[in-house]
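Here is the structure we will look at.
Convention: sequence-line order gives letters A, B, ...; per-chain numbering from 1.
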There are 2 protein chains.
Amino acid sequence: MINNRQLKILQLIIDDFIASGTPVGSRTISKKSSLGISSATVRNEMADLEDLGYLYQPHTSAGRIPSDQGYRIYVDSLSLDRALGLKERNLIRSLLISGKIKAEEVIANAAELIAGITGLVVIASYPGFKKHALSNLKLIKISDSKVLLILISDNEVVKDLTLSFSGTTQAVLDEISDALLRNLEGSTIEDINVKKISKLKYDLENYEEVIDYLVPILRDTLRNIDEVEYRVEGFDNILSVPEFSDGLKARRMYQLFENKSIFKDIFDQITTEGIDIKIGEENEVAELKECSLITTTYRYQARDFGKIAVLGPKRMDYRGIISTLEYVSNTLSDIFSGIYL
Amino acid sequence: MINNRQLKILQLIIDDFIASGTPVGSRTISKKSSLGISSATVRNEMADLEDLGYLYQPHTSAGRIPSDQGYRIYVDSLSLDRALGLKERNLIRSLLISGKIKAEEVIANAAELIAGITGLVVIASYPGFKKHALSNLKLIKISDSKVLLILISDNEVVKDLTLSFSGTTQAVLDEISDALLRNLEGSTIEDINVKKISKLKYDLENYEEVIDYLVPILRDTLRNIDEVEYRVEGFDNILSVPEFSDGLKARRMYQLFENKSIFKDIFDQITTEGIDIKIGEENEVAELKECSLITTTYRYQARDFGKIAVLGPKRMDYRGIISTLEYVSNTLSDIFSGIYL
DNA sequence: ATTAGCACTCGTCCTATTTGAGTGCTAACT
DNA sequence: AGTTAGCACTCAAATAGGACGAGTGCTAAT
């Protein structure tokens, strides 16, 4: 299929293209390569590599550019040994263990760090909420017509929701809160349904009316809780990437990120644990077919994962990004498993 | 100083420049104007207007562009009668009264609406928190080591803060919450100090230790509550504005908005109530000296105001934006005063 | 005071022309 | 049989040169 020398040449071409962004010619490779090969030979090999679909020419008299397939074989053959030095590792770890309390903040911090290192956009997902058990709950009076509902899950995620709810006192709300919690504690959010809520009536005989009023509001509210939340860091980086810096493309990217549902699409295509790489057309999300996406998962609790993705042009530093992402996600897993407490 | 005809010509030039974005020549004005004036005459007047500092030429053989001073006199002479038709007013009002519950959502909604209408960036500030009285408070257990503090002010703003706080039960937290509220209710957030919190000890004899632990945490937390929060809508619009659409400028703008403190600077320069217009160099914020900023205030409660600003290139539709902003802020004031309940 | 007319300026657009980085192919070399 | 020197060829990008035209300022006539 592809012989050793061809692979070596392909790697050199891609390395050069990633660095320069311009099509790579045979002479450049001939000079660089330690193989002691003339440009004519390189030309012959390049022609073969093009026939195999790993390279293409933007126009006849230009150098070569890697195709998605070319990037793929390049990435698969990448060696990650010593990609990250001890210094870098220590720096990353110390920046991750920065004393943030909330899981959200830790993740946001990590995403920002990766964005800084890679100069690309980072998308992170927080652990889910719907699939976790309710561990605490409180209704708090905001005003005569509004009540705040606070939900806390056993993975320490906090949700607050404002309900329209009038004519009550905090004392009554406290009683209702206690009763709700008694009945719902331990249920997962998605298991909380009308039946469970309605049972409260037996528990709170004096407040039947209030319960009747509250049930439909609560049901609708719970139904609309998002399963996962997302965080984007380093969007501004993309505005400096030549591939995206014209106004129209930048705007499309911005608008893409405004609709949170895109993040679900992006992450749902990743089914494996650990590092996953989607190059160009390999992406199922249409808007990202000009991009590469490197994703990793971090372990949050026993069986719960969050994901972190780096998004950028296909021409990106795969080696560095993979190593960084791998190290950060491992460190996050350690942090959440309590190793650094 | 400047005579009637000169003003008229200046207005025509600026109208044309706002619409076209290209320097305006004497022939264009001569044809458009109802004054029945030849291009030569217009040229003479234009030369005078340039001497007066209202116009300038980007290069010798080009038409004229308004200076900041020119925009200023143009804006000051603007008539706003019937700038907004009944249809538009009704549409705006109906979109504002969209059944949102939270004040934050109402404002975000309004900002988005204005961004859509004007095609520019909108920055809105929510009413403050520190200067309002505390109306409700609750400590909620998140996990063994974390507690959530919910603060509600009498202007219905909700703040939630996560505290590091271990080894307690919800029952204890409820008692402490009640005691805290008894002592602090009605105080403004900025008035809550160590002395007030410490008095709790007399109220909660059994929990001295807990209180000792809580006091410094609470004090630091309260000190760090932001006075005002901000919301930006329509940032993507700026990516389509020719004046800002190159990558570097767009990135600078994005980064400018990432540091929330810039919003304080932007709004602090506005001291008047109602519509305020800052054109180019009139802006005290250095990064906005190429922009125009139109701000308005809306009344939230008796003596509390929020602000909404439209930010864009100096070449913007002042008339339309001012009218829209004025109408929206008035309608918001009405909504918050309860007229539409 | 206004305007027609004219010379002049200068950015923009269009059209060669040149340049140079690159290719593919062939024939000679090892 | 694989490698390489050599050469003709291609084509994007850079350069140079007009021509164009939108604009000005000034002057002289109305």
Would you call the rings of A/Tyr318 and A/Tyr71 parallel, tilted or perpendicular if under 30° counts as parallel and over 60° as perpendicular?
tilted
Are any side-chain N or O atoms of A/Arg319 and backbone N or O atoms of A/Leu80, one a donor and one an acceptor, separated by less than 3.5 Å?
no
Expected output is a numbered-order residue list: members of residues 50-62 of chain A with a heavy atom under 4.0 Å from any atom of DNA chain C. What is it?
A/Gln57, A/Thr60, A/Ser61, A/Ala62
Contact list for residues 21-61 of chain A, test ring-ring contact (aromatic ring centres under 6.0 Å, His included), sequence neighbours left out:
none
If you count every heavy atom of other residues, nucleotides or ligands that lies below 6.0 Å from A/Asn4 atom CG, does the total exceed 12?
no
Can you measure A/Ile29 atom CD1 to C/dA21 atom C1' for me and round it to whole angstrom units?
14 Å
Side-chain donor/acceptor of B/Gln269 to backbone N/O of B/Glu284, under 3.5 Å
yes
Can you measure B/Met46 atom CE to D/dG25 atom P for me and round it to whole angstrom units?
9 Å
For the CZ atom on B/Arg27, are there more than 12 heavy atoms of other groups (residues, nucleotides or ligands in this structure) within a distance under 6.0 Å?
no
Any residue in residues 38-45 of chain B with a heavy atom nearer than 4.0 angstrom to DNA chain C? Just list them by number, or reply none.
B/Ser38, B/Ala40, B/Thr41, B/Arg43, B/Asn44
To the nearest angstrom, the CZ-P distance between B/Arg27 and C/dC6 comes to 16 Å
Answer yes or no: does a side-chain N or O of B/Arg5 lie under 4.0 Å from OP1 or OP2 of C/dT2?
yes
Rounded to the nearest angstrom, tell me the gap between atom CD1 in A/Ile9 and atom C1' in D/dG2.
13 Å
B/Asp68 (side chain) donor-acceptor with B/Glu281 (main chain) under 3.5 angstrom:
yes
I need the CG-P distance between A/Asn3 and D/dG2, as an integer number of Å.
11 Å
Greater than 12 external heavy atoms within 6.0 Å of A/Glu290's CD
no
May I ask you to check whether over 12 heavy atoms, not counting those of B/Lys289, lie within 6.0 Å of atom NZ?
yes
Between P on D/dG2 and CG on A/Asp48, what's the gap in Å once rounded to a whole number?
11 Å
Report yes or no: does A/Ser245 contribute a side-chain atom to a donor-acceptor pair with the main-chain N or O of A/Ser240 at less than 3.5 Å?
no
Would you say B/Arg64 reaches D/dA22's phosphate, i.e. side-chain N/O to OP1/OP2 under 4.0 Å?
no
DNA chain C contacts among residues 16-26 of chain A, heavy-atom distance under 4.0 Å
A/Gly25, A/Ser26
By the ring-ring contact (aromatic ring centres under 6.0 Å, His included) test, which pairs, at least two apart or in different chains, include something from residues 265-286 of chain B?
B/Tyr230-B/Phe267
May I ask you to say whether A/Arg252 pairs ionically with A/Glu287, meaning some side-chain N is under 4.0 Å from a carboxylate O?
no
Protein-nucleic acid N or O pairs under 3.5 Å, nucleotides 12-18 of chain C:
none

Specify whether B/Phe257 and B/Phe235 have parallel, tilted or perpendicular ring planes, treating 30° as the upper limit for parallel and 60° as the lower limit for perpendicular.
perpendicular
